Amino acid sequence: DLTGQVLAYISLLPIAILVGFVTLIVFKRELHTISFFGGLIMNEGVNWLLKHILREPRPCAGAHTTLHTEYGMPSSHSQLIWFFVVYFFLFLYLRMHQTNNARCVDLLWRHILSIILLGIALSVSYSRVYLLYHTWSQVFCGGVAGSTIGIIWFFFTQEVLTPLFPKIAAWPISEYFLVRDTSLIPNILWFEYTVTRSEAR
């Protein structure tokens with residue numbers, strides 16, 4: 001049906017997120033983006049471990065022939081999307097709040113983006129149940145696991161990794177691959193805009 005087709009495309013959003021991260025890393029080579037992506041990969045590793053410990057089967061009972069694993073607890077799609085969304089929430093309201101003046105326009109676009117991200121997370125979670133890949137409990141546990149790991153990884157990045165970024169960016173191998181640290185730049189969009197305009201003249 002049409003609903004199933006739409007939800008099937010929505011269910012692919014976590015894959016699009018991973019592809020987007022790889023693209024950003026290749027073209028931007030920014031340490032915080034690399035750390036964010038590292039957290040996503042670690043989150044996937046935890047999901048694989050939990051699935052093989054709990055060994056709870058999926059509700060589809062062999063209906064889907066393209067599955068990489070027969071276990072469904074917790075949902076990897078749900079865990080990934082909630083890791084991404086919760087981490088992004090914290091980044092928007094904690095990290096950017098520290099480096100930018102909280103003007104009305106800034107707060108408005110943050111709220112709008114947060115609502116969109118929340119809608120995406122809920123849609124991906126619902127799609128996994130509707131398409132019979134997971135039960136509600138598997139999706140819920142995936143969401144809780146992803147959210148928890150997202151919170152832990154955000155504060156680990158902020159408190160432990162970010163102070164090390166300037167040193168890491170100064171490593172010879174980082175300089176060779178043009179890896180950079182933009183954590184001390186208050187407004188990266190404005191910075192890149194002004195630098196690009198000055199270089200283009």
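Heads up: numbering here begins at 1 and tracks the sequence. Remember, predicted model here, so these are calculated numbers, not experimental data.
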What about [X] and [Y], same hydrophobic cluster or not, with Ile/Leu/Val/Met/Phe/Trp/Tyr joined at side-chain heavy-atom distances under 4.5 Å?
{"X": "Ile81", "Y": "Val19", "answer": "no"}
{"X": "Met73", "Y": "Ile53", "answer": "no"}
{"X": "Val85", "Y": "Ile15", "answer": "no"}
{"X": "Ile149", "Y": "Phe155", "answer": "yes"}
{"X": "Ile34", "Y": "Phe156", "answer": "yes"}

Minimum heavy-atom distance [X]-[Y], with the two atoms named:
{"X": "Glu44", "Y": "Ser76", "answer": "OE2-O, 3.7 Å"}
{"X": "Gly150", "Y": "Leu90", "answer": "O-CD1, 4.4 Å"}
{"X": "Ser75", "Y": "Arg128", "answer": "OG-CG, 4.1 Å"}

Do [X] and [Y] have side chains that approach each other closer than 4.5 Å (heavy atoms only, starting at C-beta)?
{"X": "Phe84", "Y": "Leu117", "result": "yes"}
{"X": "Ile168", "Y": "Leu161", "result": "no"}
{"X": "Leu18", "Y": "Val22", "result": "no"}
{"X": "Ile10", "Y": "Leu7", "result": "yes"}
{"X": "Asn47", "Y": "Gln79", "result": "yes"}
{"X": "Phe154", "Y": "Leu94", "result": "yes"}
{"X": "Arg180", "Y": "Leu31", "result": "no"}
{"X": "His32", "Y": "Gln158", "result": "yes"}

Fill in: Test log, rule side-chain contact (heavy atoms from CB on, under 4.5 Å), inputs Phe89 and Arg110
CA-CA 9 Å; Phe89 281 167; Arg110 289 181 203 178; over 6 Å; no
Practice prompt. Ignoring hydrogens and angles, tell me if any N or O in the side chain of Trp153 forms a donor-acceptor pair with the backbone of Ser35 under 3.5 Å.
Written response: yes
Fill in: Any donor-acceptor N/O pair, Thr162 side chain to Thr157 backbone, under 3.5 Å
yes
From [atom1] ([X]) to [atom2] ([Y]), nearest 0.5 Å:
{"X": "Ser147", "Y": "Asn43", "atom1": "OG", "atom2": "CG", "value": "9.5 Å"}
{"X": "Tyr130", "Y": "Thr3", "atom1": "OH", "atom2": "OG1", "value": "4.5 Å"}
{"X": "Phe165", "Y": "Glu30", "atom1": "CZ", "atom2": "CD", "value": "7.0 Å"}
{"X": "Ile120", "Y": "Ile115", "atom1": "CD1", "atom2": "CD1", "value": "12.5 Å"}
{"X": "Leu131", "Y": "Gln5", "atom1": "CG", "atom2": "CD", "value": "10.5 Å"}

Discussion item. One pair to check against side-chain contact (heavy atoms from CB on, under 4.5 Å): His77 and Ser127. What are the steps and the verdict?
Written reply: CA-CA 10 Å; His77 282 68; Ser127 71; over 6 Å; no
Item to complete: Specify whether Phe83 and Tyr87 have parallel, tilted or perpendicular ring planes, treating 30° as the upper limit for parallel and 60° as the lower limit for perpendicular.
Response: parallel
Worksheet item: Mind checking whether Phe36 and Phe21 have parallel, tilted or perpendicular rings, split at 30° and 60°?
Response: perpendicular
Practice prompt. Begin with the C-alpha distance, continue with both residues' side-chain angles, and end with the deciding distance and a verdict on side-chain hydrogen bond (donor to acceptor under 3.5 Å, both in side chains) for Ser11 and Tyr133.
Written response: CA-CA 10 Å; Ser11 184; Tyr133 283 103; over 6 Å; no
Discussion item. I'd like to know whether CG of Leu49 has more than 12 heavy-atom contacts from other residues, nucleotides or ligands below 6.0 angstrom.
Written reply: yes
Worksheet item: More than 12 heavy atoms of other residues, nucleotides or ligands under 6.0 Å from CZ of Phe140: is that the case?
Response: no
Worksheet item: Restricting to pairs with a member in residues 167-179, which pass side-chain hydrogen bond (donor to acceptor under 3.5 Å, both in side chains), not counting sequence neighbours?
Response: none
Worksheet item: Could you go step by step and tell me if Ser78 and Gln138 meet the side-chain contact (heavy atoms from CB on, under 4.5 Å) rule?
Response: CA-CA 9 Å; Ser78 177; Gln138 292 171 352; over 6 Å; no
Item to complete: Carefully, step by step, assess Thr33 and Lys28 under the rule side-chain contact (heavy atoms from CB on, under 4.5 Å).
Response: CA-CA 8 Å; Thr33 304; Lys28 292 292 186 179; 5.6 Å; no
